Amino acid sequence: MTDLAAPERLAKIAAMRAAGVDPYPARGIDAAPIAELAAGAGTAEAPGPKIGSQVAVAGRVGVLRDFGKLVFAPLADRSGKIQIGLQRDKLAAWWEHRKWLDAGDHLGVRGELGFTKKGELTVWATEVVILSKTVAPPPEKWHGLADQELRYRRRYVDLWANEGVAAVFAKRSRVLSLVRRFLEARGFLEVETPTLHPIAGGATARPFVTHHNALDADLYLRIAPELYLKRLIVGGLERVFEVSRNFRNEGISVRHNPEFTMLELYQAQADYRHMMELTETLFEHLARELSGGTVVEFRGKTYDLKAPFARLRYADLFQRHVGCDLHDRDAVRAKAREKGLEVPSADDDAAYWRLMNDVFESAVEHELGGPVFITDYPTPICPLAKQNPADPRFAERFEVYVGGMELANAFSELNDPAEQERRFVEQVASQDPEAPGEVDVDYVQALEYGMPPAGGLGIGIDRLCMVLTNQDSIRDVLLFPTLRQHKTRATAAETVADAGAAAG
RNA sequence: GGGCGCAUAGCUCAGUCGGUAGAGCAACUGACUUUUAAUCAGUAGGUCCCAGGUUCGAUCCCUGGUGCGCUCACCA
């Protein structure tokens, strides 16, 4: 046990055992979802159990309001909450055991559905069973679990102690479900590709490294599923998607978690224009399904996710917000210095384009409300995208922004093996710590077998859920966000460890 | 990683212009058959995050550390 366990509750467990009552019985009880009772109550529209009928409910009990010969308490399950009423007269033999009950216990209650004098729907108990005795006291009843860190560390408490938390995750689940149905209806096949990659490709990010003992080889946790999914397009699957947990060894912020979920999809015979249409259609669909309308509120502002979204060209935005052409290297460097960005002394192309994009991001991104497509990125910052046939300086790529946050990234996929190889070699040579360490030769070979023209799209599911559920931090849409390691004091574990040390 | 802020009872917080501390809730005891954060009476509960420094004296001031939050950078 840990120091969370309250002595008075442990004493109750001992008392129950002494009385021959199991505080952790093996079987639950067959109970109705509480919402059915609460909403139904035998009316014509909602044919739940009638007032006066016998019902059974099971759930976590809240604060006990004890009147001596009468106890009221709320009982909550996943579906809702109802009041239970325990009366001495109806629980004669059991009545003395009411002292075993504590806030937070799991109870099964059988009784008659009725009302109190104040008109509160109540299950008047004729039988009460402790289904699981809680030794850790629940959070304070007024404030709930307020400590941010504890909310994340003890999400299992946060979920029932704080209103609305479970609903956010139910919505998230629904987003994934809707996305799957949406894509399946359009002929996409859900696939699963490796999480362990010999080369960390498909994005620029620092990977996590791990080691396979039998192969005696280092492997990387994937930073993106992209290159595998495109191999499947080569393989003729034509329309594939994956809900991919990606891992990036980077900082943590309100928008970043080291592991995050991305939807990636690829569609043969499509290009980035199709991806735009698909994106805005999907976003509108999700908004409508989740909230009934297309307008969502996020961080105190509203955004209309009704398609079509505005389309703004990268070069135009650059000109407008930075004030010079993105190819004018001297002017861009001057702007970078103005903004206090670190201007690299090296004069190579890779460094210039990184700088140019930094300038763009610092000048443009937070100016964007959205939803908006930023389109036609400069080719040098798009190693996996196809060039625009009319102007090869730009790639057929777009990103979607809502509330200053990048939600999606898509392009017409580069399928020329020679050009792809050239860009890989360039990346590897760039010395960028976030670039892959070696050329993915197998991927180039895949392209040599021929990939049809295809559009690809990646959507940050966590961020999308932030927008759709109006949560400011990515941590609030992740059940268990990554936190610094933290040793919980486990008194029993210490005892075991001490015993082991003593024995050894 | 940089900057800013916070750390006091189980929880949420107040407080001490430097003299080792308080409220509400929770717990415990008692009363109460109609509460909705029940009420009433009482009891108990503190390494004031840790270490060092200044001081007659530090929870308070200073330095360092730890943890957390916010923010910047990077990205999705």
Side-chain angles (χ1 to χ4, degrees), chain A residues 3-9 11-12 62-74 81-91 95 99 102-104 114-122 124 136-153 157 161 202-206 223-226 244-264 340-342 354 357-358 361-362 365-366 399-402 405-410 432-434 457-466 472-475 483-487:
Chain A
D3 52 11
L4 265 184
E8 62 271 11
R9 291 182 181 231
K12 290 179 185 182
V63 185
L64 300 157
R65 296 185 286 273
D66 189 339
F67 288 83
K69 299 186 184 65
L70 168 73
V71 179
F72 289 116
K81 193 186 272 190
I82 196 169
Q83 177 164 269
I84 56 171
L86 315 184
Q87 295 167 102
R88 188 184 61 176
D89 299 346
K90 293 195 173 173
L91 289 162
W95 188 246
K99 291 291 176 194
D102 283 301
F115 289 103
T116 62
K117 288 176 186 169
K118 296 272 172 68
E120 175 90 6
L121 190 67
T122 299
W124 294 108
E140 208 248 10
K141 65 180 173 185
W142 289 10
H143 303 91
L145 186 61
D147 185 298
Q148 280 283 71
E149 187 200 352
L150 275 186
R151 286 191 49 220
Y152 300 138
R153 287 195 194 281
V157 177
T204 48
R206 284 169 222 256
I223 57 174
E226 170 149 355
S244 166
R245 186 71 66 91
N246 297 344
F247 306 84
R248 298 189 181 175
N249 207 338
E250 292 165 348
I252 295 175
S253 79
V254 287
R255 300 187 275 296
H256 300 86
N257 196 64
E259 52 180 299
F260 65 100
T261 302
M262 197 152 92
L263 168 73
E264 280 206 10
L341 295 171
E342 201 179 311
R354 270 202 300 278
N357 197 40
D358 287 347
E361 286 175 357
S362 69
E365 282 189 355
H366 30 273
E399 291 189 352
V400 178
Y401 279 81
V402 176
M405 199 163 62
E406 180 187 344
L407 291 188
N409 181 19
D432 183 345
E434 297 189 351
L457 167 65
I459 297 177
I461 292 295
D462 313 286
R463 289 182 178 178
L464 179 60
C465 287
M466 287 168 67
D472 289 354
S473 170
I474 197 167
R475 290 179 166 188
L483 301 172
R484 196 178 294 271
Q485 291 231 9
H486 183 82
K487 294 238 162 49

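Naming: A, B, ... by sequence-line order, numbering from 1 per chain. Keep in mind the model is a prediction, meaning the values are calculated, not measured.
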Item to check | OP1 or OP2 of B:rG69 under 4.0 Å from side-chain N/O of A:Arg475 | outcome: yes
Checklist entry - What stems, by residue range, does RNA chain B take part in, given at least 3 consecutive Watson-Crick or G-U pairs under 3.5 Å? => result B:1-7 with B:66-72, B:10-13 with B:22-25, B:27-31 with B:39-43, B:49-53 with B:61-65
Item to check | Pairwise distance CG(A:Asp462) to CG(A:Leu407) - rounded to 0.5 angstrom | outcome: 11.0 Å
Item to check | P atoms of B:rA23 and B:rG65, separation to the nearest Å | outcome: 37 Å
Checklist entry - Is A:Ile459 touching bases, backbone alone, or none of the nucleic acid, heavy atoms closer than 4.0 Å? => result nothing
Item to check | Heavy-atom check, side chain of A:Arg65 versus side chain of A:Gln83, under 4.5 Å | outcome: yes
Checklist entry - Within the structure shown, what part of the strands sits under 4.0 Å from A:Gly460 by heavy-atom distance: base, sugar-phosphate, or nothing? => result nothing
Checklist entry - How far does the P atom of B:rG2 sit from the matching atom of B:rU55, given to the nearest Å? => result 32 Å
Next on the checklist: So A:Asp66, base contact, sugar-phosphate only, or nothing? Heavy-atom distance under 4.0 Å.
Outcome noted: base
Next on the checklist: Using a 4.0 Å heavy-atom cut-off, does A:Asn357 contact any base of the nucleic acid, only the sugar-phosphate backbone, or nothing at all?
Outcome noted: nothing
Checklist entry - Does any N or O in the side chain of A:Asn249 come within less than 3.5 Å of the main-chain N or O of A:Arg206, such that one atom is a donor and the other an acceptor? => result no
Item to check | Minimum-distance nucleotide to A:Tyr152 side chain [options: B:rC75, B:rG69, B:rU34] | outcome: B:rG69
Checklist entry - Hey, does A:Arg255 reach any base, or is it just sugar-phosphate, or nothing, if we go heavy atoms under 4.0 Å? => result base
Item to check | Separation of the P atoms in B:rC62 and B:rG5, to the nearest angstrom | outcome: 11 Å
Checklist entry - Can you find a heavy atom in the side chain of A:Met466 that is under 4.5 Å from one in the side chain of A:Val254? => result no
Checklist entry - Please give, in whole Å, the distance from B:rG1 C1' to A:Ile252 CD1? => result 13 Å
Checklist outcome for this item: Ranking B:rA38, B:rA73, B:rC75 by distance to the side chain of A:Ser253, first place goes to B:rA73
Item to check | 4.5 Å side-chain heavy-atom contact, A:Pro225 and A:Glu264 | outcome: yes
Next on the checklist: So if I take every side-chain heavy atom of A:Arg248 and compare against B:rG67, B:rC75, B:rU34, which nucleotide ends up nearest?
Outcome noted: B:rC75
Which atom pairs link the protein and nucleotides 23-30 of chain B when you take only N or O atoms and keep those under 3.5 Å?
residue : atom : partner  : partner atom : Å
B:rG24  : N2   : A:Glu140 : OE2          : 3.3
B:rC25  : O3'  : A:Lys141 : NZ           : 3.2
B:rA26  : OP1  : A:Lys141 : NZ           : 2.8
B:rA27  : O2'  : A:Glu8   : OE2          : 3.1

Next on the checklist: So A:Val254, base contact, sugar-phosphate only, or nothing? Heavy-atom distance under 4.0 Å.
Outcome noted: sugar-phosphate
Checklist entry - Going through the distances and angles, do A:Leu70 and A:Lys90 end up as a side-chain contact (heavy atoms from CB on, under 4.5 Å)? => result CA-CA 10 Å; A:Leu70 168 73; A:Lys90 293 195 173 173; over 6 Å; no
Checklist entry - Under a 4.5 Å cut-off applied to non-hydrogen side-chain atoms, are A:Trp124 and A:Thr116 in contact? => result yes
Checklist entry - Side chain of A:Trp124: nearest nucleotide among B:rU34, B:rG67, B:rC75? => result B:rU34
Next on the checklist: Whole angstroms only, please: what is the CG-P distance between A:Asp89 and B:rC32?
Outcome noted: 14 Å
Checklist entry - Would you say A:Arg255 and A:Ile474 make side-chain contact, with heavy atoms under 4.5 Å? => result no
Next on the checklist: Can you confirm whether A:Ile223 sits close enough to A:Phe247 that some side-chain heavy atom of one is under 4.5 Å from a side-chain heavy atom of the other?
Outcome noted: no
Item to check | Selected nucleotide, minimal atom distance to A:Phe67 side chain, candidates B:rU33, B:rG67, B:rG69 | outcome: B:rU33
Checklist entry - So which nucleotide from B:rC75, B:rC68, B:rU34 ends up closest to the side chain of A:Glu149? => result B:rC68
Checklist entry - To the nearest Å, how far apart are A:Leu145 CG and B:rG69 P? => result 13 Å
Checklist entry - In terms of side-chain heavy atoms of A:Arg65, which of B:rA38, B:rU34, B:rC74 is nearest? => result B:rA38
Item to check | Close side-chain approach of A:Pro137 to A:Asp102, heavy-atom, < 4.5 Å | outcome: no
Checklist entry - For atom C1', what is the distance between B:rA14 and B:rG22, given to the nearest Å? => result 7 Å
Checklist entry - What nucleic acid atoms does A:Gln87 come within less than 4.0 Å of, heavy atoms only: base, sugar-phosphate, or nothing? => result base
Next on the checklist: What's A:Glu399 touching, base or sugar-phosphate or nothing? Going by heavy atoms closer than 4.0 Å.
Outcome noted: nothing
